[in-house]
Amino acid sequence: MHLLAIESSCDETAAAVLRDGKALSNVVSSQLEHADYGGVIPELASRLHQQNIVRVVNKAIAEAGISQTDLDAIAFTRGPGLLGALLVGVSFAKSFAYGLGIPLIEVNHMEAHVLAHFLMPKTPGFPFLCLTVSGGHTQLVLVRSALELGIIGETIDDAAGEAFDKAAKLLGLPYPGGPHVDKMAQHGNPTAFVFPTPRVDRFAFSFSGLKTALMYQVRDATKVNPHFLEENVADLCASYQAKIVTVLLEKLADAAKEHRIKDIAIAGGVSANSELRQRFQALCDRNGWQAFIPDFAYCTDNAAMIGIAGYHKFLAGKFSDLSAVPFTRS
Ligand code: KG4
Ligand code: ZN
């Protein structure tokens, strides 16, 4: 069974081909143009998806070594994401499926991040718990099957990735900030600065206070020492990142204990963070839990994850029709 998957929710135009749930190709075209603006410009994203999508899809089909007529279904990201960006992928998927006379399968982008684990050689058993941390979402997800994903906690304000990106901007690091903060933090002291612990209930998260604390820290210290930022950027990154990771892992551990789950996963762009990966593995080892960490290619936005989520829907006979429209929020 050959499935083509298309992802266009934000600033990556991506396509993949899966054969019986295994990725044959996974092409990602990242829109580097947004870096000049320090963030994703929605209209620019839509235009670039429009420009790139045919090339990206053709490349994914060619790299898989198949032809268009070998395809049995098309999966696409219906949401959440930017409306104009999603519209490009949704319209393309619909036209292509209609032209080839094959079924169409809509996929939730956040669920696909979780199900990316089923592209890996070692897969979690059901039920498992997943901490999904991306640029737009922070969720604790209880996964009972590939089709039953329940959110048991999420952020009440900024997402973890957003906290990284906004901090990077404040510290003068390039966009997207997460990987730059990660790299800087490796040369810094994680105890040099103290950040407040967000006070939110049970499995909810909050990161907007952390960003504000960083802003005041830099503003006040720069008044006394104009070179404060350049002298302390590594320590600031290390302390700020350590706080985010601590908050994420504490909630994850509480949820695992309360739900008595022993297969624990992380997913989404922030799961590429080196400190999160290391401390997550150590947490699972200490508690006798099995840790599931996706390969880097399956952490940040990609179409193979849309494909594996679509494959499970295909097996369950869950198809969409040509009236499918994007949704922007989960
Ligand atoms: O999942 P993703 O590619 O897109 C969304 O669905 O949002 O996640 C992107 C987010 C961005 O905020 C980016 O800064 C963050 O993931 N990110 C990282 C790292 N790599 C990507 N954050 C911290 N450390 C990293 N190494
Ligand atoms: Zn994503």
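As the structure lists them, so they are numbered: ligands from 1, and atoms in each ligand from 1. Source: prediction; values computed, not measured.
At least one heavy atom of His109 sits closer than 4.0 Å to an atom of ligand 1. At least one heavy atom of Pro179 sits less than 4.0 Å from an atom of ligand 1. Residue Gln241 places every heavy atom at 4.0 Å or more from ligand 1.
At the shortest separation from atom 14 (O) of ligand 1 among protein heavy atoms lies Asp165 OD1, 2.6 Å. The protein non-hydrogen atom at the shortest distance from atom 3 (O) of ligand 1 is Asp301 N, 3.0 Å. Protein heavy atom at the shortest distance from atom 24 (N) of ligand 1 is Asn273 ND2, 3.0 Å.
Note that the CG atom of Asp165 and the CG atom of Leu170 stand 11.5 Å from one another [nearest 0.5 Å].
In this structure, a donor-acceptor pair under 3.5 Å is absent between the side chains of His49 and Ser8. For the residue pair Asn302 and Glu7, no side-chain donor N or O sits within less than 3.5 Å of a side-chain acceptor on the partner. Side-chain N/O atoms of His113 and Asp301 include a donor and acceptor closer than 3.5 Å. Side-chain N/O atoms of Lys243 and Thr197 include a donor and acceptor closer than 3.5 Å. Under 3.5 Å, the side chains of Asp182 and Ser274 contain a donor-acceptor pair of N or O atoms. Glu148 and Ser145 are linked by a side-chain donor-acceptor pair at a separation below 3.5 angstrom, with hydrogens and angles left out of the test.
The cationic atom of Lys122 (NZ for Lys, CZ for Arg) lies less than 6.0 Å from the six-membered ring centre of Phe292 and within 45° of the ring axis. Because its NZ or CZ atom is not both nearer than 6.0 Å to the ring centre of Tyr311 and within 45° of the ring axis, Arg19 does not count as a cation-pi partner of that residue.
When all heavy atoms of Ala60 and Val17 are compared, the closest pair comes out as O-CG2, 3.7 Å. A pairwise comparison of heavy atoms in Ile264 and Cys284 identifies CB-SG, 4.2 Å as the closest pair.
The Ala272 neighbourhood of ligand 1 comprises atoms 20 (N), 26 (N), with distances under 4.0 Å to a heavy atom of that residue. Listed by number with element, the atoms of ligand 1 under 4.0 Å from a non-hydrogen atom of Ser134 are 1 (O), 5 (C), 6 (O), 7 (O), 8 (O). Residue-ligand proximity, Gly178 to ligand 1, at heavy-atom distances under 4.0 Å covers atoms 14 (O), 18 (C), 19 (C), 22 (N), 23 (C), 24 (N), 25 (C). When each atom of ligand 1 is checked for a heavy atom of His113 under 4.0 Å away, the hits are 1 (O), 6 (O). Close approach of ligand 1 to Gly136 is summarised as follows: ligand atoms under 4.0 Å from at least one heavy atom of the residue are 7 (O).
For Asp285, the side chain to side chain donor-acceptor pair (under 3.5 Å) partners two or more places apart in sequence, or in a different chain, are Gln281.
The distance criterion of under 3.5 Å between nitrogen or oxygen atoms is not met by Glu12 with respect to ligand 1. Of the N or O atoms in Ser274, none lie within a sub-3.5 Å distance of an N or O in ligand 1. In terms of polar-atom proximity, Gly161 is counted as a contact of ligand 1, with an N or O under 3.5 Å from an N or O of the ligand. An N or O contact shorter than 3.5 Å links Gly269 to ligand 1 by distance. Residue Glu162 places no N or O, backbone or side chain, under 3.5 Å from any N or O of ligand 1. The shortest N or O to N or O distance between Gly135 and ligand 1 is below 3.5 Å.
The salt bridge (charged side-chain N to carboxylate O under 4.0 Å, His left out) contacts involving residues 247-271 comprise Arg202-Glu258, where partners must be two or more places apart or lie in separate chains.
Under 4.0 Å from ligand 1, the heavy atoms of Asp182 that appear belong solely to its side chain.
Between atom 15 (C) of ligand 1 and the options Val270, Leu276, Thr300, Val245, the minimum heavy-atom separation is to Val270.
Alongside Leu48, the hydrophobic cluster contains Tyr37, Ile41, Leu44 (criterion: ILVMFWY side chains under 4.5 Å).
The set of protein atoms (N, O or S) found at less than 2.8 Å from the Zn ion (ligand 2) reads His109 NE2, His113 NE2, Asp301 OD1, by chain and number.
Partner of Ile308 under the side-chain contact (heavy atoms from CB on, under 4.5 Å) criterion, chosen from Leu119, Leu3, Val107: Leu119.
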